Amino acid sequence: ETHGITFRIQISVKELLDTDVLLKLLFHLPVNYPSTLPDISVNSDQLTRAQCMDVKDKLLEQAKMHLSEPMVHDLILWIQQHLKYVIKQSATVCNEKTTLSKGTSTEDGIWMLLLHLDHMRAKAKYIKTVEKWASDLRLTGRLMFMGKIILILLQGDKSNIKEYLILQKTSKVDVDSSGKKCKEKMISVLCETKVQSQHKRFQMFEVKEYSTLDELQKEFETAGLATLFSEFVPPLLK
């Protein structure tokens, strides 16, 4: 295995606002875990997206304290004991975050991801899922169709880009030839890099269809991504 392993855990945390909170945790353990931190994704129907992101950040902080030793079990015990305090803290800092300039970002800066999909059988459902993930993770960019070419171009915080990739690879987003739900196995990461000064920031996430390669090229050029286009897109036509 060159990609490590990914697994989901669901835990119920009691005594938070007099209700049970069901946390859905996804851990991706890289091959050199525990020398390398796991990727963590947090979801819960009872928490807001911002609160889930705060829980994830706190879990990663704890993970750093356990580097080079097995940590998943310890992380689960920790969040069961501390979720109430994480949520309270999240509420108090929320107002501070909203007053910050929209231009500020994490220390990793804004990153960009270009993905190539081989096909979409359940196109409408697939598009809706990608739009929801982009919205939840505050990612902007394009889902682009040109002939048989399908590209996803995303911009956002590095940690959110990583979380999107985990969702894309581990969720049942499409259907197979028999109509059963299936995970995306025919996906290629063409480029993952930090957004540079010459790159234009997308203001929203849009789904667009292009009738010619020239139209698609102009989309990239307008965003200051002509080099990205010439390096990765023409080879897909061969």
Side-chain angles (χ1 to χ4, degrees), residues 1-11 13 22-44 47 49-83 86 90 105-118 129-130 133-134 136-139 141 151-174 182-196 199 228 231-232 235:
E1 280 288 335
T2 57
H3 301 295
I5 60 170
T6 300
F7 59 91
R8 297 173 184 272
I9 294 176
Q10 290 195 147
I11 58 171
V13 184
L22 184 66
L23 280 183
K24 302 169 186 175
L25 306 174
L26 188 145
F27 292 89
H28 173 71
L29 308 185
V31 176
N32 45 0
Y33 167 86
S35 299
T36 301
L37 292 177
D39 283 322
I40 304 172
S41 177
V42 179
N43 283 287
S44 173
L47 302 180
R49 188 70 213 161
Q51 287 172 328
C52 287
M53 293 299 290
D54 285 333
V55 171
K56 173 190 165 182
D57 291 342
K58 292 297 182 185
L59 283 172
L60 287 173
E61 284 179 19
Q62 289 298 311
K64 289 175 184 175
M65 301 179 191
H66 295 279
L67 203 57
S68 298
E69 60 187 59
M71 64 184 78
V72 173
H73 183 249
D74 289 324
L75 294 179
I76 292 169
L77 291 178
W78 186 88
I79 199 59
Q80 283 179 313
Q81 295 166 2
H82 295 86
L83 180 64
V86 174
S90 173
S105 59
T106 63
E107 60 187 13
D108 287 320
I110 300 300
W111 278 65
M112 179 167 58
L113 178 71
L114 181 62
L115 301 173
H116 173 240
L117 301 182
D118 185 72
T129 301
V130 171
W133 288 343
D136 287 348
L137 294 168
R138 300 187 292 278
L139 300 175
L151 299 170
I152 301 176
L153 180 61
L154 297 170
Q155 292 178 344
D157 287 349
K158 186 177 182 181
S159 60
N160 291 3
I161 291 279
K162 294 286 186 188
E163 188 163 350
Y164 178 92
L165 260 180
I166 292 174
L167 288 169
Q168 180 77 63
K169 291 178 178 178
T170 59
S171 304
K172 292 184 177 180
V173 289
D174 206 0
C182 66
K183 295 178 183 177
E184 179 58 76
K185 295 176 182 176
M186 304 287 286
I187 185 171
S188 305
V189 179
L190 300 180
C191 181
E192 187 178 355
T193 184
K194 195 169 185 176
V195 170
Q196 304 300 320
H199 299 153
L228 190 73
E231 185 173 352
F232 295 106

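What you are looking at is a predicted structure, and each value in this text was computed from that prediction instead of being measured.
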Item to complete: Rounded to the nearest 0.5 Å, what's the gap from CG on Leu37 to CG on Leu29? Could you check?
Response: 11.0 Å

Worksheet item: Can any side-chain N or O of Asn43 pair as donor or acceptor with the backbone N or O of Lys24 at less than 3.5 Å?
Response: no

Discussion item. To the closest 0.5 Å, what do you measure between CD (Gln10) and CG (Leu26)?
Written reply: 11.0 Å

Worksheet item: Is it true that Glu192 and Lys162 make a salt bridge, defined as a side-chain N closer than 4.0 Å to a carboxylate O?
Response: yes

Response to the item:
Value for CG (Leu59) from CD1 (Ile79), rounded to nearest 0.5 Å, stands at 4.5 Å

Worksheet item: Yes or no on side-chain contact (heavy atoms from CB on, under 4.5 Å) for Leu165 and Asp39, after CA distance, side-chain angles and deciding distance?
Response: CA-CA 10 Å; Leu165 260 180; Asp39 283 322; over 6 Å; no

Item to complete: Could you check if a side-chain atom of Glu163 sits within less than 4.5 angstrom of a side-chain atom of Lys56, using non-hydrogen atoms only?
Response: yes

Worksheet item: How would you list, by chain and number, every residue that makes a ring-ring contact (aromatic ring centres under 6.0 Å, His included) with His66, sequence neighbours excluded?
Response: none

Discussion item. Within the 4.5 Å heavy-atom criterion, are Leu137 and Arg49 side-chain neighbours or not?
Written reply: yes

Worksheet item: Stepwise, does the side-chain contact (heavy atoms from CB on, under 4.5 Å) test hold for Leu151 with Leu190?
Response: CA-CA 10 Å; Leu151 299 170; Leu190 300 180; 4.0 Å; yes

Worksheet item: In chain order, what residues pass the ring-ring contact (aromatic ring centres under 6.0 Å, His included) check against Phe27, with sequence neighbours excluded?
Response: Phe7

Practice prompt. Not counting sequence neighbours, which residues clear salt bridge (Lys or Arg N to Asp or Glu O under 4.0 Å) with Asp136? List them please.
Written response: Lys132

Discussion item. Quick check for you: to the nearest 0.5 Å, what is the distance between Met65 atom CE and Asp74 atom CG?
Written reply: 12.0 Å

Practice prompt. Let me see the working for Leu228 and His199 under side-chain contact (heavy atoms from CB on, under 4.5 Å), right down to the final yes or no.
Written response: CA-CA 10 Å; Leu228 190 73; His199 299 153; over 6 Å; no

Practice prompt. With rounding to the nearest 0.5 Å, note down the distance linking CG in Asp157 to CE in Met53.
Written response: 7.5 Å

Worksheet item: Measuring from Leu113:CG to Asn160:CG, what's the distance to the nearest 0.5 Å?
Response: 12.0 Å

Worksheet entry | For the student: nearest non-hydrogen atoms of Ala63 and Met71, plus distance | CB-SD, 3.5 Å

